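Chain letters run A, B, ... following the sequence lines, proteins first, then strands; residues in each count from 1. Values in this document were obtained by computation on a predicted structure and should not be read as measured data. Atoms considered below: every heavy atom in the structure, side chains included; atoms not considered: hydrogens, waters and symmetry mates.
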Amino acid sequence: MTKIVELKELTKKFPGGKIAVDNLSLTVEKGDIIGFLGPNGAGKSTTINMMMDLIGITSGTITLFGESARHKSNRIRSKIGMIPQEIAIYEDLTAFENVAFFGGLYGLRGKMLKAASLRALRYVALEKNAKEKAENFSGGMKRRLNIACALVHEPELIIMDEPTVGIDPQSRNFILGVIETLNKKGITIIYSTHYMEEVERISNKIAIIDHGKLIACGSEAELINLVTNTQNFSIEVLYPEKVELQKLRALNGVQQVQLEGQILHIIANAEKNPLDDVLKILIAAEVAVKAVDQDKINLETVFLMLTGRKLRDAK
Amino acid sequence: MNWGIIKKQLLVELRTFGTYIWLILFPLAMIMVLGNVLTNVFNKTVLKTEKVTVIYQLPEKQQPLAAAFANFAQNAGSRYITFKQISNKEVALKKVQRGSKTAAAIIDNGRIIVYTHNPDVLQSSILAAHFQGFAKEYAISATLAQSGTATAQLNDKVPDYTKQVKVEKNNGVKQPSAFQYYAISMITMSCLITMIIGARLFSMERQRRTLARMYIAPVPKFQIIISNFLGSFILRACSLLLLMFVVSKFFAVNWGSNVILIFVTFLSLIMFAMLLGIAIDILAKGARGVTTITSIVMQLFLFFGGAYFPVSHNQAMFSPAGWVLIAVREAVYAKQVTTIAWVPGILLLLSSLLVIVCVAFSRRRGGVA
Ligand SMILES: Nc1ncnc2c1ncn2[C@@H]1O[C@H](COP(=O)(O)OP(=O)(O)O)[C@@H](O)[C@H]1O
Ligand SMILES: [Mg+2]
């Protein structure tokens, strides 16, 4: 397998002292769709910015296509397309002008540039809107244009930083489809997101990042195997304010307890099944148990197990 | 240089409505408003307080040049300038030195020596225009000498004494109308406003993250900076041209024969102002409030430079806008090119220093993402 990206003990400490990326090592191979999964502030964008040489590295190394990313050569630059987290387009320019401008920066000219620009727009289904100004686009269309601008020079590696933030489910589905199509053509993709469902759907490899650290990395099955000895319950109660979380957490066999509205999420050791004890405590506290479910183990469980927090609560 | 980036910048700015407001409509509106509202004030204060007073001493013996000058002096007096004969040279020089008279002209042996002491721009323009007008008439070259410095020599080739001296009122002096005065001010101002455009040029790209997109492309950083700047600068040059044309067509501003020099002077101010804005933005690392700081610096330049009301020559020297105003006013009113010859040079020199500052500081990483 060809290593496309190799991060070794990568660390970023911002001038204020904040350590945004902490000793992070990981490898991306040709053909991968790797999902960087982590809550807001986990350090995903900082990692990507360091890979693109947009901010300096505090320590560690980055190797791209077998070359050091320091003083990145034009050859390497041309092989990478990056889609920033924010929509980075010119609102005053048309979709075509936007794509053609960025294509031009990669040395494309004349007919080649025109063809490449139209092809990039076709990927994201904007070729009909090629002559419209970007400022008139909906949020989803802008996101798609944002992606097209990074495709025009036909990169071998595409790095996407939360490309689906703040858009409707339909546009999101469309974008995920685009990513899958690109990957089928042999393009390696790094994809950062805080939506678990997205990585579950498209990634063949998932890197869970929290507080700048790589918590775990592997395929979905591998990650779920990490917590194979666990059970996942959710208990619906009528009076959540009466739940004594401390008591529950102290129980033998209980690994994580989270209260979310009227639902109590419990991760427990499968061998020492503590469900009976949990229910006793709940009944004693008169919380009025309404339903008990055993949940499927998924990435959310993995994240909760490894970090002690739910993905969407994490700050 | 990267043509793609230049073209992009031109397109983006041409499609921004603000471009037209700030660079064309706003200055034109200000010229109209200030010109109309302040015409009275202008005529009463500016020219009254700055009336040019010349005293002159004639030789005891009759001389053709002296006779001609006496004739000229009697006829050339106007609202803006008076000529008065005086017999004692020492007294005359004292008066000039004390500032109670603008200039003293001593005529002797076919030479005119003019002594002045710190006249302001308009005064020296009016003065120069009169003496040059007279000198031209006699094919001699008059030189203005600062009081206290070595006396300037006048060429004493005076060919045609017999020719009757005929001096028209306002000889050689273009009356500075309020429109013209403020047209020059407002164009100077619109050149200086580009400081804010400069300050926002890269901060906008940074905010939109399009700067990051350019920086990750295989294009050298300095090429990105220079090309982005050039795209914007070309547009400023065109709008300056348009503005100068419009005021000469519709506000009776006569740029005169030095029009190219004047254009270059304004253009060098634009270059300087934009680069200063970019430098401030880069040094401030895109912090908020950069636009405010830039506007304050700009207003100070305009205030000290005398864009809003006439200021002393010394005060104007504190501001690049002042240099340009003095240079252009001299070129327009007095057809003098002494100041306008060095102002663009200095501004270009300062601009190249600013380029070095910009490139040096933008090399430091960390400000992009
Ligand atoms: N320029 C910066 N200066 C200081 N701290 C920063 C800077 N950029 C990001 N951070 C901090 O670094 C952490 C990681 O941020 P980021 O990489 O943007 O997270 P993510 O993309 O995973 O949401 C956050 O706590 C954030 O506040
Ligand atoms: Mg981010």
Side-chain angles (χ1 to χ4, degrees), chain A residues 12 14-15 20 45-58 64 69-70 72-94 97-109 113 133-135 142 146 149-150 152-153 155 159 161, chain B residues 1-22 197 200-228 230-232 235 282 284-287 361-369:
Chain A
K12 175 68 189 184
F14 278 109
S45 297
T46 306
T47 305
I48 290 174
N49 286 336
M50 282 193 284
M51 288 168 62
M52 299 313 294
D53 199 24
L54 286 171
I55 56 174
I57 297 171
T58 306
L64 299 168
R70 281 249 153 111
K72 198 149 37 100
S73 69
N74 286 348
R75 204 172 57 79
I76 292 186
R77 285 171 182 264
S78 300
K79 286 186 185 177
I80 305 176
M82 188 207 44
I83 298 155
Q85 180 169 347
E86 300 81 3
I87 295 174
I89 54 174
Y90 295 98
E91 304 248 322
D92 296 310
L93 300 187
T94 66
E97 284 165 344
N98 265 294
V99 176
F101 167 63
F102 289 110
L105 293 181
Y106 287 82
L108 295 169
R109 295 280 177 272
L113 176 59
K133 269 202 206 178
E135 65 185 351
K142 283 181 189 171
N146 197 35
C149 290
V152 56
H153 62 287
I159 302 177
D161 197 356
Chain B
M1 221 179 328
N2 185 302
W3 287 109
I5 296 178
I6 292 178
K7 189 180 142 202
K8 178 269 302 174
Q9 194 56 29
L10 279 171
L11 278 178
V12 167
E13 295 205 28
L14 279 173
R15 288 178 194 172
T16 312
F17 188 55
T19 307
Y20 303 95
I21 294 188
W22 281 106
I197 291 165
R200 289 175 56 177
L201 193 59
F202 288 96
S203 62
M204 292 285 277
E205 301 266 8
R206 207 179 294 120
Q207 269 168 29
R208 280 188 302 230
R209 293 280 286 169
T210 42
L211 191 61
R213 269 212 145 125
M214 285 195 258
Y215 278 175
I216 61 169
V219 180
K221 227 175 192 178
F222 74 87
Q223 232 186 63
I224 295 170
I225 295 180
I226 297 284
S227 308
N228 231 27
L230 271 181
S232 196
L235 202 68
I282 289 179
K285 290 186 175 157
F361 278 86
S362 72
R363 285 249 167 88
R364 295 195 180 173
R365 296 195 297 177
V368 183

Measure distances from B:M214 to the heavy atoms of chain A and classify the residue's part below 4.5 Å as side chain, backbone, both or neither. both

Counting heavy-atom pairs closer than 4.5 Å to chain A, which one of B:T16, B:L11, B:L14 comes out on top? B:L11

Counting only non-hydrogen atoms closer than 4.5 Å, does B:Q207 touch chain A with its backbone (N, CA, C, O), its side chain (CB onward), both, or neither? neither

B:V12, B:N2, B:T210: which one forms the most heavy-atom pairs within less than 4.5 Å of chain A? B:T210

Got B:I5 and A:L105 here, is their nearest side-chain heavy-atom distance under 4.5 Å? yes

Regarding B:R15 and A:E97, does a basic nitrogen lie under 4.0 Å from an acidic carboxylate oxygen? yes

Name the region of B:I224, side chain, backbone, both or neither, that has any atom closer than 4.5 Å to a heavy atom of chain A. neither

Would you mind checking which part of A:I83 comes under 4.5 Å of any heavy atom in chain B, side chain (CB onward), backbone (N, CA, C, O), both or neither? both

As an exercise: rank A:G104, A:P84, A:G81 by heavy-atom pairs under 4.5 Å with chain B and give me the winner. A:P84

Is B:I216 close to A:I80 at the side-chain level, that is, under 4.5 Å between some pair of heavy atoms? no

One should read off an interatomic distance between B:K8 NZ and A:Y90 OH, to the nearest 0.5 angstrom, of 3.5 Å

What part of A:A150 gets closer than 4.5 Å to chain B, counting heavy atoms only: side chain, backbone, both or neither? both

Structural part of A:F101 lying under 4.5 Å from a heavy atom of chain B: side chain

Heavy atoms only, distances under 4.5 angstrom: which of A:C149, A:S45, A:G107 has the most pairs with chain B? Name it, please. A:C149

Separation between CG (A:L93) and NZ (B:K7), nearest 0.5 Å, reads 9.5 Å

Rounded to the nearest 0.5 Å, how far apart are CZ of B:R209 and CD1 of A:I87? 13.0 Å

Below 4.5 Å, heavy atoms only, C-beta onward: do A:D53 and B:Y215 meet side chain to side chain? no

Sorted by chain and number, sequence neighbours left out, side chain to side chain contact (heavy atoms under 4.5 Å, CB included) with A:K79 holds for A:F65, A:R75, A:E156

Contacts of B:F202 meeting ring-ring contact (aromatic ring centres under 6.0 Å, His included) (sequence neighbours excluded), chain-then-number -> none

